[in-house]
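To start, the structure under review is shown below, and the notes come after it.
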Amino acid sequence: MAFDSNAVLAKSRAIYGRRLTKEDYARLSSMKTVADVCEYLRQTPRYEKALADVSSRTIHRGRLEELLKRAVYDVFESFHIFDHSGCKNYFRFIVAKLEIEQIISAVSAVLSKSSDYYIASLPAFITKHSRLDLPALASSENIAQAAEVLEKSQYCSDKKLKKMLSDAIVTGNLSIPDFESALYSEYYFHLLRAIENEFRGREKKEFKIAVLKTIDMENVVSFCRKARFSGQTSEENRSALIPFKYRLSADEIEELAKEKSVEKIALVLEKKGCHATNKETIELLTESISFKNLEKTIRLSQSPAVVYFALTQCLSTELKNIKTLVEGVRYGLNGGDILKMLVL
């Protein structure tokens with residue numbers, strides 16, 4: 001992937017430098033209304049352009065989240081010009097992850113009979129770049145129809161996904177957690193194969209490690225959730241793991257899931273070199289570990305593709321933090337309690 005190295009590194013670190021700080025989050029958590037949050041964000045280097053033309057007094061939560069999401073997508077798209085390879089594969093992987101998020105949302109909307117709301121909030125950026133007709137997917141009257149739409153896509157190439165969709169057509173049922181796991185397994189398979197084929201030497205190793213560290217944390221939270229809430233067997237939970245690892249084997253993850261205390265899980269992970277800043281829940285624990293790894297990668301790596309990968313992940317975390325924060329302010333939660341729900 002022939003990125004313009006200096007330009008990508010400089011641009012990535014400049015965008016990272018405009019991120020919201022812990023001080024920003026502390027001030028935002030003390031706000032009393034969504035309008036106050038909007039006004040504060042409008043004054044930050046990160047979001048001043050995205051919110052320049054809106055009225056803080058009249059904006060509602062959904063519109064604010066839509067504008068912030070668009071700002072993040074604009075960042076992703078702005079790097080498109082640096083891919084001189086002709087096939088633009090790396091940008092495609094960024095779109096693919098966003099596309100998977102939308103597929104899960106669309107299918108969930110079909111299951112909950114809330115497709116109209118989903119279609120109304122569908123980001124234009126995704127529909128522009130997606131190879132799927134997402135509005136048509138969400139317009140399906142039942143899960144069998146949604147499966148028929150997905151069967152025509154590249155997501156049906158994986159045997160596990162193909163069987164899952166075929167079964168859904170027959171039964172009219174689809175497990176969203178299992179579906180999500182299968183989609184991300186397929187995503188990471190293609191991403192790691194591209195890294196293997198298109199990178200060399202130290203850069204290849206560094207990129208693989210960055211991705212595999214992320215997978216380790218996703219597998220931990222996925223297995224722990226399933227072990228506690230799914231009622232499935234250990235073997236069934238193992239089968240849903242993304243089939244790649246950095247340091248954590250399936251056996252080790254299963255042992256972690258037996259521990260009920262998040263603090264104790266954090267201590268075990270620290271011995272593996274996985275350090276967290278938020279230990280409130282297993283989700284926040286694993287997300288904060290990944291976030292710290294990615295922030296370090298942005299600062300130290302000299303690979304443009306690796307730094308860009310880390311940046312996209314960090315921007316997605318920031319967007320999730322803001323959404324959580326807005327919800328906390330909207331429901332009048334204490335600022336300290338809101339901060340405990342964020343990945344910092």
Side-chain angles (χ1 to χ4, degrees), residues 16 18-42 44 46-47 50-51 56 59-69 71-72 97 101 104-105 108 121 176-177 180 214 216-229 256-257 259-267 269-270 274-296 310-344:
Y16 172 72
R18 295 196 293 272
R19 70 197 181 279
L20 295 181
T21 64
K22 290 181 180 178
E23 291 74 20
D24 287 323
Y25 284 122
R27 289 174 184 151
L28 284 164
S29 69
S30 69
M31 300 295 172
K32 301 302 181 185
T33 67
V34 173
D36 293 338
V37 172
C38 179
E39 187 58 35
Y40 186 93
L41 290 173
R42 198 222 303 269
T44 64
R46 180 75 186 87
Y47 295 105
L51 300 176
S56 298
I59 196 166
H60 58 81
R61 174 187 58 85
R63 177 60 177 161
L64 176 59
E65 290 178 4
E66 179 186 335
L67 290 169
L68 298 176
K69 192 181 295 183
V72 171
K97 188 159 190 183
E101 293 172 5
I104 294 166
S105 295
S108 297
S121 64
I176 291 297
E180 182 175 356
T214 300
D216 269 2
M217 292 303 103
E218 290 189 14
N219 275 338
V220 168
V221 73
S222 173
F223 195 100
C224 286
R225 281 175 183 161
K226 284 179 174 294
R228 293 175 189 179
F229 305 116
L256 280 176
E259 178 55 65
K260 304 303 181 184
S261 166
V262 177
E263 287 280 352
K264 290 182 179 179
I265 292 175
L267 288 174
L269 290 174
E270 282 178 8
C274 304
H275 302 284
T277 54
N278 192 327
K279 303 170 186 177
E280 290 293 316
T281 66
I282 189 65
E283 290 82 4
L284 288 167
L285 172 70
T286 52
E287 287 174 14
S288 67
I289 289 172
S290 289
F291 189 61
K292 287 302 174 187
N293 286 337
L294 294 163
E295 281 196 315
K296 184 176 179 181
L311 176 67
T312 59
Q313 301 288 97
C314 287
L315 289 178
S316 293
T317 298
E318 182 175 272
L319 190 60
K320 184 176 180 181
N321 274 343
I322 295 173
K323 184 175 180 180
T324 300
L325 192 148
V326 168
E327 284 294 293
V329 169
R330 183 170 172 239
Y331 288 105
L333 298 185
N334 175 274
D337 290 336
I338 294 174
L339 287 175
K340 290 177 182 179
M341 299 160 66
L342 305 181
V343 177
L344 305 175

### SB check Glu66 Lys69 (cutoff 4.0 Å)
no

### Query
What do the steps show when you test Asp216 against Val220 for side chain to side chain contact (heavy atoms under 4.5 Å, CB included), and what is the final call?
CA-CA 6 Å; Asp216 269 2; Val220 168; 5.6 Å; no

### Message
Please evaluate residues Leu284 and Val262 with respect to the criterion side chain to side chain contact (heavy atoms under 4.5 Å, CB included), reporting the C-alpha separation (whole Å), side-chain torsions for both, the decisive distance (0.1 Å), and the verdict.
### Response
CA-CA 10 Å; Leu284 288 167; Val262 177; over 6 Å; no

### Task
Calculate, to the nearest 0.5 Å, the distance between atoms SG and NZ belonging to Cys314 and Lys292 respectively.
9.5 Å

### Message
What I'd like to find out is whether the side chain of Leu285 reaches to under 4.5 Å of the side chain of Ile289, using heavy atoms alone.
### Response
yes

### Task
Mind checking the NZ-CG spacing from Lys279 to Leu269? Nearest 0.5 Å is all I need.
10.0 Å

### Task
With rounding to the nearest 0.5 Å, note down the distance linking NZ in Lys320 to CD1 in Ile322.
13.5 Å

### Test item: Pro177 and Lys226 side chains (from C-beta on) under 4.5 Å apart, heavy atoms
yes

### Query
Between Thr317 (side chain) and Gln313 (backbone), is there a donor-acceptor pair under 3.5 Å?
yes

### Nearest atoms (heavy-atom pairs only) where Ala257 meets Cys224
CA-SG, 3.8 Å

### Whether over 12 other heavy atoms sit under 6.0 Å from Lys323 NZ
no

#### Entry: Side-chain (Arg19) to main-chain (Tyr16) donor-acceptor, under 3.5 angstrom
yes

### Message
Please check: side-chain N/O of Arg46 versus main-chain N/O of Leu20, any donor-acceptor pairing under 3.5 Å?
### Response
no

### Query
Atom CD of Glu318 and atom CG of Leu325: how far apart are they, to the nearest 0.5 Å?
11.0 Å

### Task
Kindly state each residue pair satisfying salt bridge (Lys or Arg N to Asp or Glu O under 4.0 Å) with at least one member in residues 20-34, sequence neighbours excluded.
none

### Summary
Here the pair of heavy atoms bringing Ala35 nearest to Ser56 is CB-O, 2.9 Å

### Query
What's the shortest heavy-atom distance between Glu259 and Ile265, and which atoms?
O-CD1, 3.5 Å

### Task
Output the distance between atom CD1 (Ile282) and atom OG (Ser222), rounded to the nearest 0.5 Å.
11.0 Å

### Message
Any non-hydrogen side-chain atom of Asp36 less than 4.5 Å from a side-chain atom of Val329?
### Response
no

### Message
A side-chain contact here means heavy atoms from C-beta on lying under 4.5 Å apart; do Ser290 and Glu218 qualify?
### Response
no

### Message
For the backbone of Met341 and the side chain of Asn278, can you confirm whether one donor and one acceptor N or O come within less than 3.5 Å of each other?
### Response
no

### Query
Can you find a pair of side-chain heavy atoms, one from Leu51 and one from Leu68, that are under 4.5 Å apart?
yes

#### Entry: Thr277 side chain vs Leu344 backbone, donor-acceptor pair below 3.5 Å
yes

### Glu65 bridged to Arg61 by N-O distance under 4.0 Å
yes

### Message
What's the separation between atom CG in Asn321 and atom CG in Leu342, rounded to the nearest 0.5 Å?
### Response
4.5 Å

